[in-house]
Amino acid sequence: MTIAPVAVVGGGLAGITAALALAEAGCPVTLYEARPRLGGATYSFRRGGLTVDNGQHVFLRCCTAYLGLLERLGGSALIDLQRRFDVRVLGAAGRSGRLRRAALPGPLHFVPALARYRLLGPGDRLQALRGSLALSRLDPADPALDTVTFGSWLAAHGQRDPVRQALWDLLAVAALNTGVEEAALGPAVKVFKTALLGRPDAADLGIPLVPLGELHDSAARAAIARRGGAVRLSAKVTAIEPGPAVVVDGVRVRASAVVVATRHEQAAKLVPAEAAPGRDGWSKLDASPIINVHAVYDRPVMRAPFVAVTGSPVQW
Ligand SMILES: Cc1cc2nc3c(=O)[nH]c(=O)nc-3n(C[C@H](O)[C@H](O)[C@H](O)COP(=O)(O)OP(=O)(O)OC[C@H]3O[C@@H](n4cnc5c(N)ncnc54)[C@H](O)[C@@H]3O)c2cc1C
């Protein structure tokens with residue numbers, strides 16, 4: 001009897017990674033993607049003769065699962081990873097600061113940058129250092145941290161508005177996709193401890209050197225096929241049935257297992273209630289939208305490859 005393939009539903013980065021891992025482990029696998037391309041939220045499209053990227057524009061060196069995926073897709077040479085975290089931060093009235101890690105062991109590597117950070121006065125710099133130290137003592141796995149916002153914790157630890165804006169909010173928006181007032185303390189501690197207070201090289205920034213479609217879509221299709229897996233594009237799964245099986249274009253396809261790698265709202269509709277009794281709660285999870293804005297200039301406007309901005313609706 002032939003083993004039915006594992007069905008992976010959703011061809012974003014999560015689904016691609018799952019399909020590749022299964023194929024590498026010798027499991028027959030079929031990846032179903034509703035759209036005509038892989039990549040999900042990260043993709044490229046053509047407009048006015050330009051290739052425009054949407055979605056993920058930067059990653060950090062501590063994104064080891066993502067870097068591992070790129071390596072398996074043959075994309076390691078198609079990215080640029082900073083040798084040392086270094087970002088210029090623009091503030092109001094033409095002021096700017098620089099956050100650059102020093103050649104010191106973690107968590108001391110950002111101390112010199114914070115001590116010299118020109119967007120903050122001396123008192124706030126000291127508070128920022130104290131806040132970092134207090135944050136480093138928290139355990140992100142402590143469930144109590146999920147009952148408190150990052151903003152209220154910062155306020156309780158003497159982090160005044162200037163520090164929140166020029167430091168904590170700047171990094172929280174980039175890493176947590178929401179500002180300090182809305183972010184729960186638990187994920188904030190996880191992100192800050194992993195990226196900034198642990199390994200010194202964890203926060204080094206990476207950017208793609210080729211369009212995201214090239215980095216993820218075509219490379220993933222080729223990599224999965226090379227390992228014997230199948231990819232079905234424009235194939236929307238409309239139901240998952242016990243058995244298990246997936247229904248695609250009205251046809252029931254038997255599967256030996258199903259991996260769901262869609263957004264939570266879609267997963268809540270697909271996963272059978274008996275497989276996930278808590279499923280109805282998933283759709284109550286909120287979303288936090290993020291938008292890439294592309295501006296095409298007729299001449300160079302800055303020398304730095306990228307900058308961060310505080311007190312602005314555009315952050316990075
Ligand atoms: C504008 C923007 C900027 C971002 N910037 C960054 C960044 O700088 N750094 C960073 O780390 N992250 C960034 N992100 C977030 C990152 O892109 C996402 O977290 C990541 O791509 C999500 O991958 P995923 O596979 O979990 O989900 P998705 O990419 O959402 O993939 C889910 C896939 O499932 C498919 N699907 C859904 N339902 C079905 C169905 N019924 N049948 C078949 N297929 C289905 C969808 O079509 C989709 O392709 C950004 C996101 C956006 C939108």
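Read the numbers this way: they start at 1 and go in the same order the structure lists the ligands and their atoms.
For the pair I16 and G39, the tightest heavy-atom approach, listed with the atom from each and the gap, is CD1-N, 4.0 Å. The two residues V258 and P244 come nearest to each other via the heavy atoms CG2-CB, 4.0 Å. Closest non-hydrogen pair, V260 versus V271, comes out as CG2-CG2, 3.9 Å. Considering all non-hydrogen atoms of both residues, P208 and I79 come closest at CA-CG2, 4.1 Å.
In this structure, atom 52 (C) of ligand 1 has protein heavy atoms in its sub-4.0 angstrom surroundings. Distance check on atom 22 (C) of ligand 1: every protein heavy atom falls at or beyond the 4.0 Å cut-off. Atom 12 (N) of ligand 1 is flagged as protein-proximal [any protein heavy atom, distance under 4.0 Å]. Within the 4.0 Å cut-off (strictly below), a protein heavy atom is located near atom 5 (N) of ligand 1.
Listed by first and then second residue, the side-chain hydrogen bond (donor to acceptor under 3.5 Å, both in side chains) pairs that reach into residues 267-278 come to none, sequence neighbours excluded.
Here's the thing with A41: one of its N/O atoms is less than 3.5 angstrom from an N/O atom of ligand 1. Between G15 and ligand 1, not a single N/O pair is under 3.5 Å apart. Between V9 and ligand 1, a contact under 3.5 Å exists for no N or O pair. Looking at H57 next to ligand 1, an N or O pair under 3.5 Å apart turns up. In terms of polar-atom proximity, V58 is counted as a contact of ligand 1, with an N or O under 3.5 Å from an N or O of the ligand.
R61 contributes a side-chain N or O that, together with a main-chain N or O of Q82, makes up a donor-acceptor pair within less than 3.5 Å. When atom types are taken as modelled, the side chain of D217 and the backbone of L38 share a donor-acceptor pair closer than 3.5 angstrom. No donor-acceptor pair closer than 3.5 Å links the side chain of S312 to the backbone N or O of Q315. Of the possible polar contacts, one joining the S256 side chain to the A4 backbone as a donor-acceptor pair under 3.5 Å is found. With T238 contributing its side chain and V248 its backbone, the two residues share no donor-acceptor pair below 3.5 Å.
Counting only heavy atoms of the protein, atom 49 (O) of ligand 1 lies nearest to E33 OE1, 2.7 Å. Nearest protein heavy-atom contact of atom 50 (C) of ligand 1 is Q56 N, 3.5 Å. Summary of contacts: the protein heavy atom closest to atom 26 (O) of ligand 1 is A14 CB, 3.8 Å. Remark: minimum distance from atom 37 (C) of ligand 1 to any protein heavy atom is reached at Q266 OE1, 3.3 Å. The nearest heavy-atom contact from the protein to atom 44 (N) of ligand 1 is A34 N, 3.1 Å. Summary of contacts: the protein heavy atom closest to atom 41 (N) of ligand 1 is V237 O, 2.9 Å. When only non-hydrogen protein atoms are considered, atom 31 (O) of ligand 1 lies nearest to G12 CA, 3.5 Å. Regarding atom 17 (O) of ligand 1, its nearest protein heavy-atom neighbour is T42 CG2, 3.3 Å.
Scored by the salt bridge (Lys or Arg N to Asp or Glu O under 4.0 Å) test, R279 finds no partners at all (sequence neighbours excluded).
Within the model, atoms CG of L135 and CG of L154 stand 7.5 Å from one another, a figure rounded to the nearest 0.5 Å.
Taking every heavy atom of A235 and a limit of under 4.0 angstrom, the matching atoms of ligand 1 come to 43 (C). Atoms of ligand 1 lying under 4.0 Å from any heavy atom of G40, numbered from 1 in the order shown and given with element: 29 (O), 31 (O), 48 (C), 49 (O). Each of the atoms 41 (N) of ligand 1 lies under 4.0 Å from some heavy atom of L270. Atom numbering of ligand 1 starts at 1 in the shown order; those under 4.0 Å from a heavy atom of G10 are 33 (C), 34 (O), 35 (C), 44 (N). Residue-ligand proximity, N292 to ligand 1, at heavy-atom distances under 4.0 Å covers atoms 1 (C), 3 (C). Remark: ligand 1 atoms within the under-4.0 Å shell around heavy atoms of Y32 are 43 (C), 44 (N). Residue contact check: R35 has heavy atoms under 4.0 Å from atoms 47 (O) of ligand 1.
When heavy-atom distances to ligand 1 are checked against a 4.0 Å cut-off, A261 comes that close only through its backbone atoms N, CA, C and O. Under 4.0 angstrom from ligand 1, there are no non-hydrogen atoms of I16.
Residues R160 and D124 are paired through a salt bridge, judged by an N-O separation under 4.0 Å between the basic side chain and the carboxylate.
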**Report entry** Intermediate values then yes/no, side-chain contact (heavy atoms from CB on, under 4.5 Å), V111 and L104
**Finding:** CA-CA 9 Å; V111 172; L104 290 171; 5.6 Å; no
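With hydrogens and angles left out, the side-chain atoms of E265 and W282 include no donor and acceptor closer than 3.5 Å.
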